[in-house]
Number of protein chains: 2
Amino acid sequence: MESRCENCIIRQFNSLRAMSKEELKQVSDSKITRTVKKGEPLFEEGDKLNGVYCVRNGISKLSKLSANGKDQIVKLASKGEVLGQRSVISQESTNLSAIAVDDMEVCFIPKESINNTLQKNPNFTLEVLRHMAHDLKEADDVIVNISQKTVKQRMAEAFLYLKNNFGEDPEGFLALTLSREDISNVVGTATESAIRIISEFKKKGLIHTSGKKIGIKDERKLLEMVEGF
Amino acid sequence: MESRCENCIIRQFNSLRAMSKEELKQVSDSKITRTVKKGEPLFEEGDKLNGVYCVRNGISKLSKLSANGKDQIVKLASKGEVLGQRSVISQESTNLSAIAVDDMEVCFIPKESINNTLQKNPNFTLEVLRHMAHDLKEADDVIVNISQKTVKQRMAEAFLYLKNNFGEDPEGFLALTLSREDISNVVGTATESAIRIISEFKKKGLIHTSGKKIGIKDERKLLEMVEGF
DNA sequence: ACAATTAACTGATAAATATCATATTTTTAA
DNA sequence: TTAAAAATATGATATTTATCAGTTAATTGT
């Protein structure tokens with residue numbers, strides 16, 4: 001199970017690929033592989049992080065608690081994503097909680113290895129910067145979506161997002177199964193509203209469900225709905 | 001009017017301060033100072049940027065057009081901020097428009113100077129990274145605010161934000177005067193709703209107005225409103 | 001396997017917000 | 001300076017969304 005970063009394919013998907021052999025070796029020697037059970041936190045809002053987490057398997061939700069007690073899910077991170085980077089870079093406590101949605105396997109990399117490389121290897125820093133630029137662009141899109149689209153449109157968008165990013169299982173259901181509450185926290189609405197819209201979409205033949213599993217039936221119509229037709 | 005970056009105090013407020021003398025010299029030689037009149041764009045959504053803009057004076061709104069034809073203002077940038085960085089770094093067209101809210105004075109810095117330094121000076125890259133980490137954190141906060149707070153709470157927050165970031169004029173009005181429409185685009189609501197809430201806040205003695213100028217009268221109560229009391 | 005807990009669902013209603021219509025004020029440009 | 005255009009303002013109403021109350025279904029731990 002335990003293995004060397006140098007041989008880890010996951011690395012190809014994130015900024016660690018810009019590390020030199022030497023640097024990777026150091027990371028590999030200091031990293032700790034950890035499994036996290038569904039529902040358990042990797043870290044929580046306000047924690048001081050002593051390193052970053054590289055996701056090898058499973059999916060984590062990044063969320064922030066609001067004053068009224070509801071969580072808002074800001075991002076769903078899967079294989080290859082590095083979590084906690086922002087906090088380590090700005091040397092502040094995290095503003096987000098990371099909780100496993102699936103059973104996860106992650107590598108913890110102490111911040112020293114990261115900071116060292118950030119200071120010495122401009123390629124690595126630039127690579128991290130590019131990733132963060134991408135995240136920021138996505139965050140801007142989320143802001144516009146949330147404030148300008150209806151809950152129904154955002155729900156449709158969420159289903160398409162889940163299909164495009166996490167795929168479908170052999171029976172045609174979304175591979176990532178979220179609870180209704182998690183869905184409502186992604187979309188930013190009340191859980192009852194999310195459930196109601198799921199029922200409505202089902203009646204209209206846009207999706208089908210089985211237990212908490214949801215499958216997309218009419219992608220075209222969902223897309224039109226997102227666009228506002 | 002025209003001056004050398006080496007002597008520019010604005011630089012202290014942004015990542016350019018991490019540049020070496022040599023690098024600054026190159027920037028200074030290639031930069032172009034430009035004035036932008038109120039309402040004119042620095043750049044528009046979809047443009048390919050050939051460089052970044054360093055704000056010397058005035059204020060710019062960064063916004064994104066949504067499908068329903070409304071703008072969402074994602075950020076207000078003032079003296080010292082560098083605009084267009086993300087686009088230059090990720091080598092994509094911008095996802096935001098930058099439009100002058102005030103008369104502005106900006107320096108255009110060709111992307112070559114920036115990219116050169118990004119590749120060679122890890123301190124500079126790290127500095128840019130830190131700024132972007134900060135922006136990303138703020139964006140996350142905006143997402144949570146928009147999805148979890150009422151329009152009234154966000155209006156109250158917007159006024160406090162304007163006071164804290166742009167200050168007040170001698171008569172106690174917010175130094176940055178935005179149109180009602182711009183305010184609604186910051187908050188993410190219909191213009192009529194924004195106007196209605198301004199009237200309500202006025203009646204309740206939270207703010208006072210004179211034409212389009214708005215002044216904060218009861219900061220404490222506004223704060224309580226943001227917190228949800 | 002089953003009681004207990006939690007999640008999913010539905011209806012009724014209230015609250016928040018958007019939209020449309022229209023009046024008034026302010027700004028702009030000829 | 002003044003007519004035209006744009007921005008601000010307010011009322012009436014429709015729509016969207018949240019909240020509360022209660023039911024049914026699914027999960028979990030023993």
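The figures here come from the full heavy-atom set of this structure, side chains too, leaving out hydrogens, waters and symmetry mates. Note on naming: letters A, B, ... go to the chains in the order of the sequence lines (proteins, then strands), and numbering restarts at 1 for each one.
If you find the closest nucleotide of DNA chain C to A/Ile198 and to A/Ser147, the one lying nearer the 5' end belongs to A/Ile198. Comparing A/Ala194 and B/Leu178 along DNA chain D, the residue whose closest nucleotide (by nearest heavy atom) sits nearer the 5' end is B/Leu178.
A salt bridge links B/Asp140 with A/Arg86: the distance from a Lys NZ or Arg NE/NH1/NH2 to an Asp or Glu carboxylate oxygen falls below 4.0 Å. Looking at A/Glu219 and A/Lys163, a side-chain N of the basic residue comes within less than 4.0 Å of a carboxylate O on the acidic one, giving a salt bridge. Under the 4.0 Å criterion applied to side-chain N and carboxylate O atoms, B/Asp71 and B/Lys61 are not assigned as salt-bridge partners.
Rounded to a whole Å, the CG atom of B/Asn185 is 12 Å from the P atom of C/dA18. The separation between A/Ile214 atom CD1 and C/dA8 atom C1' is 11 Å, rounded to whole Å. At whole-Å resolution of the value, NZ in A/Lys213 and C1' in C/dA8 are 16 Å apart. One can place CD of B/Glu192 at 15 Å from C1' of C/dT24, the figure rounded to the nearest angstrom. With rounding to whole Å, A/Phe201 atom CZ is found 15 Å from C/dT10 atom P. Straight-line distance from the NZ atom of B/Lys152 to the P atom of C/dT17: 8 Å, rounded to whole Å. For the pair A/Gln153 CD and D/dT16 P, the interatomic distance rounds to 10 Å; values are reported in whole Å. A/Glu200 has its CD atom 15 Å from the C1' atom of C/dC9, to the nearest Å.
When the side-chain nitrogen and oxygen atoms of A/Ser193 are compared with OP1 and OP2 of D/dA18, one or more of them lie within a distance under 4.0 Å. The shortest distance between the side-chain N/O atoms of A/Thr189 and the OP1/OP2 oxygens of D/dA18 is below 4.0 Å. Dashed line: the shortest gap from a side-chain N or O of B/Arg196 to OP1 or OP2 of C/dT17 is not under 4.0 Å. OP1 or OP2 of D/dT10 lies within a sub-4.0 Å distance of a side-chain N or O belonging to B/Ser199.
Across all strands shown, A/Thr191 has no heavy atoms under 4.0 Å from either base or sugar-phosphate atoms.
The side chain of B/Val151 lies closest to C/dT17, out of C/dT17, C/dC9, D/dT17.
Side chain of A/Gln72 to backbone of A/Asn185: a donor-acceptor contact under 3.5 angstrom is found. With hydrogens and angles ignored, the 3.5 Å screen pairs no side-chain donor or acceptor of B/Ser210 with any backbone N or O of B/Lys213.
Taking 4.5 Å as the limit, every side-chain heavy atom of A/Leu83 sits out of range of all side-chain heavy atoms of A/Val52.
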Contact letters for nucleotides 24-29 of chain D, in which S counts primed atoms plus P, OP1 and OP2 and B counts the base, heavy atoms under 4.0 Å: ------
Show your reasoning for whether side-chain hydrogen bond (donor to acceptor under 3.5 Å, both in side chains) applies to A/Glu92 and A/Ser90. CA-CA 5 Å; A/Glu92 301 164 326; A/Ser90 54; 3.2 Å; yes
